[in-house]
A.B. asks: 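My questions will all concern the structure given below.
Here is how names work: the chains are called A, B, and so on, in the same order as the sequence lines, proteins then strands, and each is numbered from 1.
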Number of protein chains: 2
Amino acid sequence: MSDLLERLRGRGWRMTSQRRVVAEVLAGDHVHLTADEVHALAAQRLPEISRATVYNALGELVLLGEVIEVSTDGRAKRYDPNAHHPHQHLVCSHCGTIRDVHPTGSPLADLPAEERFGFTVTQIEVTYRGLCPSCA
Amino acid sequence: MSDLLERLRGRGWRMTSQRRVVAEVLAGDHVHLTADEVHALAAQRLPEISRATVYNALGELVLLGEVIEVSTDGRAKRYDPNAHHPHQHLVCSHCGTIRDVHPTGSPLADLPAEERFGFTVTQIEVTYRGLCPSCA
DNA sequence: ATCCTACGATGGACAGAGTCCAAGTCAACC
DNA sequence: GGTTGACTTGGACTCTGTCCATCGTAGGAT
Ligand SMILES: [Mn+2]
Ligand SMILES: [Mn+2]
Ligand SMILES: [Zn+2]
Ligand SMILES: [Zn+2]
């Protein structure tokens, strides 16, 4: 993770204690925290950190491509630091639990050119939905 | 669309003027309205219809499998009456415009069994994201 | 080491989408 | 036509996220 902090510093990110804590809280694999969860964890280390600051930091990390925003259907967005290992998500329709998955058949079925309607497609997102073992 | 109304009546749906108007407003192909858009259109015909009723009716149509809920990333959910012709969506990341698309092959790249984590996968949703011609 | 200042943090108000509820209304069956 | 439980209403409420005026501070300049 400190390589992340290095990379950010290198890009001119002013290193504040708040941003450091947010980046540290997000460290790890299979992490999919909501903004408020990040805020709660960050506040354990830095009690006066504000929600706005957490939202700002997360937004910047997303813009910098260091974190992926996963939006799950009506609930709060989740933030995924595993931005450098492409993967997709399996989501429980009942409780919202997320798991990382790596579908086979790599080049996710491209769109027929005549169905692109002039769009520049930059991202293909596959979401597998179902019930997790405890909700089934 | 009156076949829809028939089907609903057959399933014990009490037919109120509000529900009828909501179902009628949703009729058509490539329709992806938000709940508030449905409400506005419905209110043109039935001025006193309430937002809560529209949300209730939409929720029931979704449960009955007659309408698909398309959630688009931070914006309001959209309601798609084209539930009986499986398709996927192409969404503009900038303005939120939606187009129906029909990817070739089996985009539904199945999940390796060992990556299902005990989930019962019931739905695979593919979202193509990019910029529409006017946002590019 | 100290000073400066532009960038970042704060917290409280605000907004959008959706849910909930108590009270009133009416569709459908008798 | 009367009965009744399902449906509707509208307003309050919740949740997620944004905005903004003000205050604080990281880090370059001296
Ligand atoms: Mn992930
Ligand atoms: Mn559609
Ligand atoms: Zn679950
Ligand atoms: Zn667009």
Side-chain angles (χ1 to χ4, degrees), chain A residues 5-6 8-25 32-43 45-64 67 69-80 93-96 98, chain B residues 5-6 8-25 32-43 45-64 67 69-80 93-96 98:
Chain A
L5 293 181
E6 279 316 314
L8 295 173
R9 218 183 314 249
R11 298 214 217 170
W13 227 44
R14 181 183 288 190
M15 190 50 60
T16 66
S17 51
Q18 292 85 350
R19 288 174 166 185
R20 194 188 329 276
V21 169
V22 168
E24 286 169 2
V25 160
H32 304 97
L33 298 168
T34 64
D36 278 335
E37 286 166 352
V38 172
H39 179 240
L41 290 170
R45 311 219 242 135
L46 199 64
E48 292 315 313
I49 191 173
S50 73
R51 280 176 73 250
T53 295
V54 171
Y55 273 102
N56 288 341
L58 290 173
E60 288 153 8
L61 289 169
V62 169
L63 280 186
L64 292 168
V67 165
E69 207 173 57
V70 182
S71 31
T72 59
D73 207 84
R75 295 175 218 258
K77 286 178 188 167
R78 297 187 167 272
Y79 292 87
D80 183 344
S93 336
H94 189 249
C95 68
I98 295 190
Chain B
L5 294 181
E6 278 316 314
L8 295 172
R9 217 186 312 251
R11 297 215 218 170
W13 229 43
R14 181 183 287 192
M15 191 48 60
T16 66
S17 51
Q18 291 85 350
R19 287 175 168 182
R20 194 189 327 276
V21 169
V22 167
E24 285 169 1
V25 158
H32 304 97
L33 298 169
T34 64
D36 279 336
E37 286 166 353
V38 171
H39 179 239
L41 291 170
R45 310 219 245 133
L46 199 64
E48 291 315 313
I49 191 172
S50 74
R51 282 192 349 113
T53 295
V54 170
Y55 273 103
N56 287 341
L58 290 172
E60 288 153 9
L61 288 169
V62 170
L63 281 185
L64 291 169
V67 166
E69 206 173 57
V70 181
S71 30
T72 59
D73 209 83
R75 294 175 218 261
K77 288 178 187 168
R78 296 187 167 271
Y79 293 87
D80 183 343
S93 334
H94 189 249
C95 68
I98 296 189

A.B. asks: Step by step, work out the side-chain contact (heavy atoms from CB on, under 4.5 Å) result for A:Thr53 and A:Thr16.
C.D. replies: CA-CA 11 Å; A:Thr53 295; A:Thr16 66; over 6 Å; no
A.B. asks: Using a 4.0 Å heavy-atom cut-off across all strands, classify A:Ala76 as base, sugar-phosphate, or nothing.
C.D. replies: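 The answer is sugar-phosphate, as A:Ala76 gets under 4.0 Å only of primed atoms, P, OP1 or OP2.
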A.B. asks: Rounded to the nearest angstrom, tell me the gap between atom CG in A:Leu58 and atom P in C:dG8.
C.D. replies: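 Going from A:Leu58 (CG) to C:dG8 (P), I get 15 Å.
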A.B. asks: Mind calculating the distance between CG (A:Asp73) and P (C:dG18) to the nearest angstrom?
C.D. replies: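 One finds 10 Å between P of C:dG18 and CG of A:Asp73, rounded.
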A.B. asks: Whole-Å distance between C:dG16 C1' and B:Asp36 CG?
C.D. replies: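 Rounded to whole Å, this separation is 9 Å.
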A.B. asks: Please give, in whole Å, the distance from C:dG12 C1' to A:Glu48 CD?
C.D. replies: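 That distance rounds to 14 Å.
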A.B. asks: Using whole Å, what does the distance between atom P of nucleotide C:dG12 and atom OH of A:Tyr55 come to?
C.D. replies: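 To the nearest whole Å, that distance equals 17 Å.
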A.B. asks: C:dT10, OP1 or OP2 - any side-chain N/O from A:Thr53 closer than 4.0 Å?
C.D. replies: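 So the side chain of A:Thr53 is within the cut-off, an N or O lying under 4.0 Å from OP1 or OP2 of C:dT10.
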A.B. asks: Please name the pair of heavy atoms, one in A:Thr34 and one in A:Ala76, separated by the smallest distance, quoted to 0.1 Å.
C.D. replies: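 So the minimum-distance heavy-atom pair works out to CG2-CB, 4.0 Å.
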A.B. asks: In whole Å, I'd like the distance from the CZ atom of B:Arg75 to the C1' atom of C:dG18.
C.D. replies: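 B:Arg75 atom CZ is separated from C:dG18 atom C1' by 18 Å.
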A.B. asks: With a strict under 4.0 Å distance from non-hydrogen atoms of chain A, what nucleotide opens and what nucleotide closes the contacted stretch of DNA chain D, reading 5' to 3'?
C.D. replies: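 Here the contact window of chain A covers D:dT16 to D:dG27.
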A.B. asks: Taking the side chain as every heavy atom from C-beta outward, state whether A:Leu61 and A:Trp13 have any pair of such atoms under 4.5 Å apart.
C.D. replies: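 Side-chain contact under 4.5 Å: yes.
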A.B. asks: Just how far is it from atom CZ of B:Arg20 to atom CZ of B:Arg9, taken to the nearest 0.5 Å?
C.D. replies: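 Atom-to-atom, B:Arg20:CZ and B:Arg9:CZ are 6.5 Å apart.
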A.B. asks: Which is more 5' along DNA chain D, the nucleotide nearest A:Asn56 or the one nearest A:Arg51? Just name the residue.
C.D. replies: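 Upstream on the strand: A:Arg51.
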A.B. asks: Measure CZ/B:Arg9 against C1'/C:dA27 and give the value in whole Å, please.
C.D. replies: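 Atom-to-atom, B:Arg9 to C:dA27, this comes out as 11 Å.
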A.B. asks: Counting distance only, does the side-chain N/O of A:Arg51 pair as donor-acceptor with the main-chain N or O of A:His39 below 3.5 Å?
C.D. replies: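 Absent.
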A.B. asks: Taking all atoms of both residues into account, what is the closest heavy-atom pair of A:Ser71 and A:Lys77, and its distance?
C.D. replies: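 Heavy atoms of A:Ser71 and A:Lys77 come nearest at CB-CG, 4.1 Å.
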A.B. asks: Separation of B:Ile49 atom CD1 from C:dT25 atom P, in whole Å?
C.D. replies: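 It is 17 Å, rounded to the nearest whole Å.
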A.B. asks: Does any non-hydrogen side-chain atom of A:Asp80 lie less than 4.5 Å from one of A:Ile98?
C.D. replies: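 Not in contact.
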A.B. asks: Would you say that A:Asp73 contacts B:Glu69 through its side chain, given a criterion of any heavy-atom pair below 4.5 Å between the two side chains?
C.D. replies: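 Yes; the side chains approach each other to less than 4.5 Å.
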A.B. asks: Nearest 0.5 Å please: distance from the CD atom of B:Glu6 over to the CE atom of B:Met15.
C.D. replies: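 So the CD of B:Glu6 and the CE of B:Met15 are separated by 8.0 Å.
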A.B. asks: Tell me which residues in residues 11-20 of chain A put a heavy atom below 4.0 Å from DNA chain D, sorted by number, or none.
C.D. replies: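 Heavy-atom cutoff 4.0 Å gives A:Arg14, A:Met15.
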